[in-house]
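Side chains included, hydrogens not; waters and symmetry mates left out as well; all remaining heavy atoms used.
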Amino acid sequence: MSVPRSSVPLRLPYVVCAVFVLLLAACGTGGIIGSRESGAPTRTTGSPGVPGPSAGGASAAGPAAAPPRASPAPPREIPGLGPRTRAAIPAGTRQVFVVTGESPDSNRSTAVLYTRDGPAADWRATAPWAAHNALNGWTAEHWEGDLRSPVGVYTLTAAGGRLDPPAMVFPYDLSPDFKVEGEGFHGEPLEGSFDYVIAIDYNRLPGTSPLDHTRPLGTERGGGIWIHVDHGGPTQGCVSISEGRMRELLSLLDPAKDPVVVMGDAASLGG
């Protein structure tokens, strides 16, 4: 979908309450340690030909306690990403929003936010979120009008929308110019799709408002690739998730963690 033009400058978020919510979807809370039972001491007399404790016998132990069930460990590496994709993620990045397409030509995908505390720490993950991408799927070389989402690793540096943001620390441009009308590819209304958006730094100036139309690679290479509110169908090139997930993602993104989006079909990301 086309992105509306505006001269509205980027405004830093006016809500400065940081929310650090760590959603542990893949990791359990640990097993339940079984209790050990001891039988009361008993005194028995042996029967001829039957082995057993002698008189004044020892205490009898109860059933052995079950061993603790180990919780699945957080991943050291983000699942599904091959060495080439992992190498494209900046070394200092501690937040990675992974959007994995079902196939190169599919417009359905799954999104997971991974966060870690340091370069050597394990990753923590949200539960998988349903998402849409472009109508025709994915491409390693995006061009204007191809109706495919660009594959790659891109920084996330600015957000915006028509609605007040949740409590967050990410730069947010509140503007009425984030509006869209018309219908999607399946006849679904597009209104409200840009109530919350996060600019993907493909062919744009990082740190500027999502409404900025500067295209360093040229207009023919497309642009205006956003994460935005899902309207129930495929996009022209963006990634979309539900409004509730958009609010959650905005509240979790932290510029200090140098967040990026890793996006593409599963085969491409696995390379």
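In this structure, the side chain of Arg108 does not engage the main chain of Pro234 through any donor-acceptor pair within 3.5 Å. Remark: side-chain polar atoms of Thr126 are paired, donor with acceptor, to backbone N or O of Leu113 under 3.5 angstrom. Side-chain atoms of His142 come within 3.5 Å of backbone atoms of Arg148 as a donor-acceptor pair (strictly under, hydrogens ignored). With Asn136 contributing its side chain and Asp146 its backbone, the two residues share a donor-acceptor pair below 3.5 Å. Panel note: side chain Tyr154, backbone Val151; a donor-acceptor pair is recorded below 3.5 Å. Not a single donor-acceptor pair under 3.5 Å links the side chain of Arg84 to the backbone N or O of Gly270. In terms of modelled atom types and a separation under 3.5 Å, the side chain of Thr139 and the main chain of Pro150 share no donor-acceptor contact. Judged by distance alone, with hydrogens and angles left aside, the side-chain atoms of Gln95 form a donor-acceptor pair with the main-chain N or O of Asp254 at under 3.5 Å.
With respect to Asp117 and Arg124, a salt bridge is recorded, a charged nitrogen being found less than 4.0 Å from a carboxylate O.
In this structure the side chain of Pro259 reaches within 4.5 angstrom of the side chain of Phe170, judged on heavy atoms. At least one side-chain heavy atom of Leu249 sits less than 4.5 Å from a side-chain heavy atom of Ile241. Proximity of Met263 to Val239: side-chain heavy atoms (C-beta onward) are separated by under 4.5 Å at one or more points. Using a 4.5 Å heavy-atom cutoff, the side chains of Pro104 and Ser268 are not in contact. Here the side chains of Trp129 and Val112 are not in contact, with every heavy-atom distance at 4.5 Å or above. Within the 4.5 Å cutoff, the side chain of Val96 has heavy atoms near those of the Ile78 side chain. Annotation: side chain of Thr235 is in contact with side chain of His228 (closest heavy-atom distance under 4.5 Å). When side chains are defined from C-beta on, Val99 does not count as touching Thr110, because their heavy atoms never get closer than 4.5 Å.
Closest non-hydrogen pair, Arg247 versus Asp164, comes out as NH1-O, 3.8 Å. When all heavy atoms of Ile200 and Ile227 are compared, the pair lying nearest together is CD1-CG1, 3.7 Å. Contact between Gly233 and Ser240 at its shortest, heavy atoms only, is O-OG, 4.4 Å. Of all non-hydrogen atoms in Ile225 and Gly237, the two that sit nearest each other are CG2-O, 3.6 Å. Closest of all the heavy-atom pairs between Gly101 and Trp138 is CA-NE1, 3.5 Å. Closest non-hydrogen pair, Ser175 versus Leu211, comes out as OG-CD1, 4.1 Å.
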* To do: Tell me, with the steps shown, if Thr115 and Lys257 meet side-chain contact (heavy atoms from CB on, under 4.5 Å).
  => CA-CA 8 Å; Thr115 303; Lys257 298 183 184 297; 4.0 Å; yes
* **Test side-chain contact (heavy atoms from CB on, under 4.5 Å) applied to Val260 and Phe97, step by step** => CA-CA 6 Å; Val260 300; Phe97 189 57; over 6 Å; no
* Checking side-chain contact (heavy atoms from CB on, under 4.5 Å) for the pair Met246/Ile198: CA distance, chi angles, key distance, verdict? -> CA-CA 9 Å; Met246 275 299 299; Ile198 300 168; 4.0 Å; yes
* **Pair Asp195-Phe178, side-chain contact (heavy atoms from CB on, under 4.5 Å): steps then yes or no** => CA-CA 7 Å; Asp195 284 352; Phe178 287 97; over 6 Å; no
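By the rule that hydrophobic residues join a cluster once side-chain heavy atoms approach within less than 4.5 Å of another member, Tyr202 and Leu205 end up as members of separate clusters.
For Arg221 and Trp143, the positive end sits near the middle of the six-membered ring, less than 6.0 Å away and at most 45° from its axis.
Here the OG1-CG distance, from Thr208 to Asp173, works out to 10.0 Å after rounding to the nearest 0.5 Å. How far CD of Glu191 is from CD of Glu183: 12.0 Å, rounded to the nearest 0.5 Å. Atoms CD and CE, on Glu248 and Met168 in that order, are 13.5 Å from each other to the nearest 0.5 Å. One distance of note links CG of Asp122 with CZ of Arg116; it measures 9.0 Å at 0.5 Å rounding. Trp123 contributes atom CH2, which lies 9.0 Å from atom CD of Glu77 (distance to the nearest 0.5 angstrom).
In summary, the side chains of His132 and Asn107 do not present any donor paired with an acceptor at a separation below 3.5 Å, with no hydrogens or angles considered. There is no side-chain donor-acceptor pair under 3.5 Å between Ser103 and Asp105. Residues Thr157 and Asp201 bring a donor and an acceptor atom of their side chains to less than 3.5 Å of each other. Side-chain contact annotation: Ser209 with Asp212, donor-acceptor N/O pair under 3.5 Å absent.
Enclosure of atom CD in Glu188 by more than 12 non-hydrogen atoms of other residues, nucleotides or ligands within 6.0 angstrom is indicated.
Partner of Asn133 under the side-chain hydrogen bond (donor to acceptor under 3.5 Å, both in side chains) criterion, chosen from Ser149, Ser106, Ser109: Ser109.
Considering only residues two or more places apart in sequence or on other chains, Glu243 meets the side-chain contact (heavy atoms from CB on, under 4.5 Å) condition with Leu163, Tyr196, Val229.
Ring geometry, Phe194 versus Trp226: the interplanar angle exceeds 60°, so the pair is classed perpendicular (tilted spans 30 to 60°).
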